[in-house]
Amino acid sequence: MYNYRSERQINIIFVLNMFHNIQYQPSENALRVLIKGNILAPGESPQEMFERVVNTLFSVEESFGIAKNETEKAKEDFAAFMAAKMYTPGTPTLTNAGRAGYEDAALSSCAIIPVDLRKRQASKKLIKAYYRQNMGSGFDLTPYKNPVELLLWLNSLSVHETKTGAYDRYIGNMANLHVTHPEIRKFVGLKRTHALAHFNCSVVIDDKFMDAAVSDRSSNSCKLLMDIAESAWHIGDPSIINLERMNRDNPVSDLAPYTSAPPCAEMGLSVGETCQFVYVNISKFCTPKGINYTFLDKVIRVVTRALDNAVEYGATRYPDKESTRIAKLKRKIGIAVSGIADTLLYYDIPYASVGARTLVRDVVSFMNYVSKCASVDLAKQRGPCEAMKHKDKNKYFKGYLKNRYNFSTNTVSARDWEKLSDRISETGLLRNIHTLTQPPAARVSLLMDASFGIEPIFGIPDSVGNVSKSVRTYVEKYSDNADKILQKACRDGSFRKTKLHKHAKECLRTATEITPSDHIEMTAALVGTGGVIDETASKTVNLAKTATIRDVYDTFILAHEKGLKNISVYRDGSYEDQPYNLSK
């Protein structure tokens with residue numbers, strides 16, 4: 001007798017079988033992050049979280065008219081790669097997607113909330129609505145006469161909302177103020193006298209201001225920059241961001257100019273704009289013969305597809321229609337990297353070296369190019385983003401890619417970019433206006449048991465049991481007494497006085513043992529002049545406790561000269577509750 005099963009039954013069986021074969025198994029450390037960060041719903045297992053995220057991300061594809069078998073294949077690939085810790089979505093996506101109580105929430109990590117802060121009651125209502133969706137938020141205070149007063153009010157709102165216990169993610173914000181504002185000096189020093197636990201602060205500078213500071217030590221620009229450096233020396237804030245430079249690289253700056261940034265300034269954002277992230281663990285693509293670029297190509301294409309799905313899922317779920325409009329206009333996504341320190345240890349390359357910068361630049365350049373190709377393919381199937389209908393105000397129709405990436409790396413040639421640029425300008429096919437950025441990557445990296453983002457080894461833990469696998473493996477490769485060496489390194493907070501040979505110790509230098517200039521050189525290789533990332537990078541230069549105010553000032557100047565769009569500086573010991581004592 002014919003055994004009939006409906007298409008729906010077959011699909012359900014396929015999904016059940018898929019997740020039976022693909023298990024998400026976090027390490028003990030990663031599980032602590034999932035629990036402590038409220039990423040898991042009450043009573044939820046990691047596998048249940050994993051399944052709801054994967055199912056939600058691919059639930060929208062039916063609306064594009066995509067064949068179910070194609071969707072299921074892409075979904076299976078995405079699930080398998082995520083379970084293998086090749087990448088992870090950002091924590092708001094992990095928290096919100098498919099979770100009871102978040103049915104009306106988008107999957108975005110950050111937003112510039114479209115409010116007029118002169119209207120406080122209306123602003124309060126809308127701000128709380130975005131907070132409930134677990135987004136970090138940015139506020140441009142430049143248009144207002146009373147930015148300091150507004151900042152204090154906004155922080156008190158965050159404090160109050162946190163005390164309600166109604167939120168599953170820490171409320172984090174960015175407040176920025178242009179350097180020309182009459183209240184800029186009050187803003188610069190505010191955190192030295194007021195606890196603003198829910199805000200990072202950034203001074204918006206431009207090239208004119210920085211050039212004046214460099215050329216004339218007696219100028220007001222130089223004096224103000226020194227004040228900024230002094231405050232950063234004391235409390236790690238403010239940072240500086242150059243929205244002028246960000247908008248130069250914004251292909252639709254005439255349609256949607258950047259006005260602020262997320263809490264860690266990894267990109268510019270327009271009013272109402274949001275973004276969702278996936279972090280790729282590059283150490284998973286290491287082989288003795290080099291990076292497995294064939295596999296990385298496949299993974300980046302799956303990730304680009306999933307992030308575009310996240311845009312589609314969230315577009316109608318934002319608290320304000322301006323976020324919906326800007327999401328459909330740009331469909332911006334953010335692919336980032338993690339595991340760089342692990343990767344460099346695998347290849348025995350010191351972080352502070354040309355070889356390290358070349359390798360990372362090659363990898364990220366490749367990811368950028370492949371994600372753009374994938375976005376073109378998605379546009380053929382799903383249609384381009386709305387911004388591609390505005391030829392007169394869209395730089396993609398004026399050779400944006402070939403003008404910006406007019407150089408070659410070892411993985412992508414200038415000719416490759418030229419051909420892709422011409423294809424986009426001729427066809428108008430591009431699904432996502434930008435695809436690469438570099439947010440901070442601490443918690444997400446812990447979920448993948450990877451080193452943090454593009455950072456060097458952050459610090460040496462107190463206990464040998466907490467030393468990362470990549471560091472332990474590296475030490476074991478060079479010593480028969482690995483345990484003794486690790487014990488001494490944990491006591492000292494450094495490998496400098498161990499019996500490892502000089503090259504090994506060079507590869508094991510931690511964040512504060514690497515000079516500020518080498519920190520900036522790595523960042524500049526990715527997002528400085530001739531950089532290979534669409535947006536920018538959340539970058540903090542970690543300085544030793546003995547660093548001077550002048551060291552902070554010089555770091556700001558060097559970042560500017562290298563073409564960076566933003567920089568933060570943190571001196572060891574500025575916060576009592578920092579995760580590691582970096583200068584033992």
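Atom set for the values below is all heavy atoms of this structure, side chains included, hydrogens, waters and symmetry mates excluded.
Atoms CG and CG, on Leu447 and Leu34 in that order, are 5.0 Å from each other to the nearest 0.5 Å. Here the OG1-CG distance, from Thr259 to Asp140, works out to 5.5 Å after rounding to the nearest 0.5 Å.
Here the rule is salt bridge (charged side-chain N to carboxylate O under 4.0 Å, His left out) with Asp237, and of Lys191, Arg571, Arg192 only Lys191 fits it. Between Asn176 and the options Asn200, Val204, Val203, Ile240, a side-chain contact (heavy atoms from CB on, under 4.5 Å) holds for only Val204. With Glu521 as reference, Lys562 is the one residue of Lys539, Arg361, Lys562 to meet the salt bridge (charged side-chain N to carboxylate O under 4.0 Å, His left out) rule. Paired with Glu149 under the rule salt bridge (charged side-chain N to carboxylate O under 4.0 Å, His left out), one option of Arg118, Lys186, Arg120 passes, and it is Arg120. Among Leu150, Leu151, Asn146, the single residue meeting the side-chain contact (heavy atoms from CB on, under 4.5 Å) criterion with Leu117 is Leu150.
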Q.
Show, in sequence, the C-alpha distance, side-chain angles and deciding distance for Asp168 and Arg99, and conclude whether the salt bridge (Lys or Arg N to Asp or Glu O under 4.0 Å) test is met.
A. CA-CA 12 Å; Asp168 287 311; Arg99 181 169 172 171; 3.6 Å; yes

Q: Report the C-alpha separation of Ile557 and Leu225 in whole Å, then their side-chain angles, then the decisive distance to 0.1 Å, and conclude whether the side-chain contact (heavy atoms from CB on, under 4.5 Å) test is met.
A: CA-CA 9 Å; Ile557 294 295; Leu225 187 62; 3.6 Å; yes

Q: Take Ser371 and Leu436, measure what side-chain contact (heavy atoms from CB on, under 4.5 Å) needs, and give me the verdict at the end.
A: CA-CA 8 Å; Ser371 64; Leu436 248 68; 3.7 Å; yes

Q: Start with the C-alpha gap between Lys145 and Glu183, add the side-chain angles, then the distance that decides, and say whether salt bridge (Lys or Arg N to Asp or Glu O under 4.0 Å) holds.
A: CA-CA 8 Å; Lys145 293 181 180 179; Glu183 287 203 356; over 6 Å; no

**Q.** Stepwise salt bridge (Lys or Arg N to Asp or Glu O under 4.0 Å) check, Arg331 with Glu312
**A.** CA-CA 8 Å; Arg331 305 190 71 89; Glu312 187 69 19; 3.1 Å; yes

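Relative to the six-membered ring of Tyr313, Arg317 meets both conditions, a distance below 6.0 Å and an angle of at most 45° to the axis.
Heavy-atom neighbours of Asn220 CG from other residues, nucleotides or ligands within 6.0 Å: at or below the threshold of 12.
Below 30°, between 30° and 60°, or above 60°: for Phe139 and Phe199 the angle between ring planes is between 30° and 60°, a tilted geometry.
Checked by atom type, the side-chain pair Thr343/Ser283 shows no donor-acceptor distance below 3.5 Å.
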